[in-house]
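Predicted model, so just to flag it, every value in this text is computed and none were measured.
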Amino acid sequence: MGNAHVARFDEPWVLLDPYNDLAYQDLLSSYKLFKVMKCRHEREELVLVKVFVLREGMPDLKELRRRVLEMKDIFRSHWLYPNVVPYQALEVGSQSAILLRPYFARNLYDRLHTRPFLSACEKSWIAFQVLCSVCQAHSVGIAHLDLKTENVFTSSWSHVILSDFALFKPLVLPRDDHGEFAFYFESYPPRSRCYLAPERFDAAADGLGTAGSASSSSSGSGQGAGFSQALAAMDVFSLGCVLAELFLDGQTLMDLPELRKYRSEHLDLQARLAGIKNPAVQAIIGSMLNRDPLKRKPASVYLREWCAAVAPRAFKGCLFPLSVVLLHPVYQLPDMRVTLLRHNFAGLLWSMVGAARIAVVLGLEGAGAAATWAAWMRRVERGVRGIDEASFHGMVNQAAQNATSRGEAPAAAADAASAGASTGAGAGAAQPPSGGGLVPRLAQPLLREGVCEAFSSSLFEHWESGCRQCLASGRVQSREAAASSIYVDFMRNLCGDAGAHALGAALEAPSEGAAGEDAEVVGILCNLICCSLQHVGNPRMRAMCLDMLTELSPFAPQFALLEQIVPYCHMLMTDPAAKVRARAVEVLTVVLGRVTSLPPSDMSLFPEYLFPQLLSSMIDMSGEPVVLLAVARNIGALARHAMRFAEVAVAAAHHTEAAPARGGDGGAANGGGLAEPGMPPLPMPPTPRQGSPGRNG
């Protein structure tokens with residue numbers, strides 16, 4: 001197949017002529033096997049299209065189309081398989097065939113090389129979701145067989161999607177022929193790397209079957225011929241390579257010659273894995289990379305080990321269930337997403353940082369959990385504005401119309417068979433419309449930690465049992481019907497207390513919350529708020545996001561303050577709404593007061609970044625009085641912060657000059673909000689008064 005003659009197309013979009021429902025936008029990449037294009041579909045909006053020129057030796061396209069449609073049907077449930085998106089269609093023309101899937105702007109490889117660089121907690125969160133995605137695929141008897149960072153996609157709010165299953169690639173490759181591997185599996189010519197399991201290279205492999213065909217010459221034959229322990233072990237090895245690259249900050253673990261050395265026991269990976277700082281992560285990845293496939297554990301076992309030894313409790317207790325709820329069609333509208341975060345803001349932070357740390361911020365050291373919770377709820381209700389009824393009514397209607405236009409409204413209505421409806425600031429899962437009209441009264445899910453953790457555990461058990469059944473039968477199995485009660489009970493439990501919460505009724509204090517080491521999880525919540533903020537249409541919703549950022553700033557790690565909150569405050573200082581600009585100035589002042597260390601890359605933060613934008617907010621935007629008053633109230637504090645930063649910049653300059661004399665090392669690698677070793681910390685400003693700063697409107 002790789003040596004067949006293929007006609008050249010100088011204008012690749014010509015290949016799309018037979019497909020009238022696609023409008024070409026851009027050529028993303030061109031490989032020996034296919035071309036990748038970004039297109040706009042008349043029904044699906046932006047899609048990614050892989051175009052294959054028809055040639056001799058192509059796999060059976062009828063069988064391939066059957067498998068594509070089968071996988072689309074199996075993975076259609078967004079709550080049961082939240083981290084898997086397969087190909088959606090296969091179409092065949094006279095000269096070409098195309099595979100379609102939704103377009104994702106960024107894969108994990110791109111994210112690893114994009115600022116702001118990932119923190120240790122963000123890497124753990126992404127790894128947790130990648131493990132979940134492999135468990136979801138194996139639970140229905142489907143192996144991916146081409147796991148690499150280019151096939152793992154991340155959204156702006158760090159939600160992970162696994163896609164691009166190897167339906168048309170060979171399962172077994174010749175051991176000594178680089179050509180077949182290069183033709184099917186190399187992503188970018190400059191980046192040589194191989195994450196295939198060693199047992200996939202067979203010296204006797206002369207006639208190659210695809211990963212889904214019955215002609216594969218190994219034990220187990222991919223999606224088409226049956227699921228097996230051998231296929232699952234192949235995925236686990238590739239999964240270990242992906243996680244190793246993630247925790248090695250994008251460094252390639254192995255290329256093809258090194259994999260051959262590793263297979264023949266002439267290469268020891270432990271020296272490379274030693275660069276992973278967390279011993280538990282290093283041990284789990286090392287087990288995945290075992291040469292013997294029989295010694296590799298199932299993905300579901302590694303997921304449980306990850307939750308026990310690496311992941312903060314908040315991953316299972318709030319973040320994973322929150323990401324599932326956010327995939328609901330109603331929450332595809334950014335304004336609705338912000339209302340959900342606002343409704344659950346107090347509980348989410350409580351679960352992430354714990355009662356003890358919240359009590360310290362509130363000045364209630366030694367108080368009981370119930371008293372701390374009551375004081376924390378009062379502070380959040382006072383410091384974070386809600387949404388008025390008229391705006392909320394409009395958002396609900398718009399979200400329902402958007403879901404209807406995508407054909408998702410019936411599923412959304414079924415999901416939301418919740419206990420009772422509520423008015424007020426909260427809105428959540430839509431209830432069924434009656435008489436063809438839209439119902440604006442919704443029960444907003446209240447993400448209680450116990451309910452969320454039980455939901456996560458139920459899903460993990462369902463995936464694990466599904467994998468065992470598929471291994472026993474060797475067949476692909478759809479198990480959505482068997483798990484439907486999990487989601488129904490989950491949403492019913494979440495929405496049952498929504499009305500009482502919206503009406504301000506007293507709630508029982510949640511559990512003690514997270515331990516101190518979970519505090520960095522706040523950076524993930526901060527990222528979610530910031531990413532929602534830039535897409536909301538209602539100015540009050542943007543101000544609401546700023547209020548939430550203010551309240552979480554005492555708990556946020558330094559990298560979140562400097563690399564997330566400060567840039568978004570900078571952006572909103574030129575917002576069209578004057579009250580939003582004023583609030584951005586106030587929040588920026590509060591956040592800068594909490595910065596205790598400064599990386600070298602941010603030394604010119606004030607003169608080159610903040611002061612020019614502050615001037616624009618006053619002059620270029622017509623100088624509204626509310627903005628001028630906000631600047632006047634905060635200019636003294638901003639000046640003190642600028643002086644602190646300038647003192648550190650001067651100290652850093654002296655440190656840099658003295659470093660060569662004493663053989664000092666370079667600056668911080670990732671700019672993750674930590675001061676360079678040996679540099680003086682920022683002097684702290686005067687302790688602010690307790691309580692939230694005032695709000696505008």
For Y195 and F185, I'd like to know if the aromatic rings sit close, meaning centre-to-centre distance below 6.0 Å.
no

Taking the six-membered ring for Trp and the full ring for Phe, Tyr or His, determine whether the centres of F320 and F315 are under 6.0 Å apart.
no

Side-chain heavy-atom pair [X], [Y] within 4.5 angstrom cut-off:
X: S300; Y: F460; answer: no
X: M71; Y: V84; answer: no
X: L246; Y: T149; answer: no
X: V172; Y: R200; answer: no
X: P599; Y: L562; answer: yes
X: L46; Y: Q25; answer: yes
X: E258; Y: R263; answer: no
X: D249; Y: L112; answer: no

[X] to [Y] six-membered ring, cation-pi geometry met (6.0 Å, 45°):
X: R337; Y: W157; value: yes
X: R291; Y: Y262; value: yes
X: K38; Y: Y103; value: yes

Side-chain donor or acceptor of [X] paired with backbone N/O of [Y] under 3.5 Å:
X: S238; Y: D235; result: no
X: N290; Y: D292; result: yes
X: R106; Y: R111; result: no
X: R479; Y: H462; result: yes
X: S287; Y: A283; result: no

How are the rings of W125 and F128 set to each other: parallel, tilted or perpendicular (split at 30° and 60°)?
parallel

Are [X] and [Y] linked by a side-chain donor-acceptor pair shorter than 3.5 Å?
X: S457; Y: K316; answer: yes
X: Y87; Y: K50; answer: yes
X: E480; Y: Y81; answer: no
X: Q129; Y: S133; answer: no

Working for ring-ring contact (aromatic ring centres under 6.0 Å, His included), residues F168 and F52:
CA-CA 11 Å; F168 49 87; F52 301 80; 4.9 Å; yes

Salt bridge or not for K32 and E186, using N-O below 4.0 Å?
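Salt bridge flag = no for E186 with K32.
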
Would you give the length of the straight line joining atom NZ of K72 to atom CZ of R101, rounded to the nearest 0.5 angstrom?
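That separation rounds to 15.0 Å.
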
Count the heavy atoms belonging to other residues, nucleotides or ligands that lie under 6.0 Å from CZ of R475, then report whether that count exceeds 12.
no

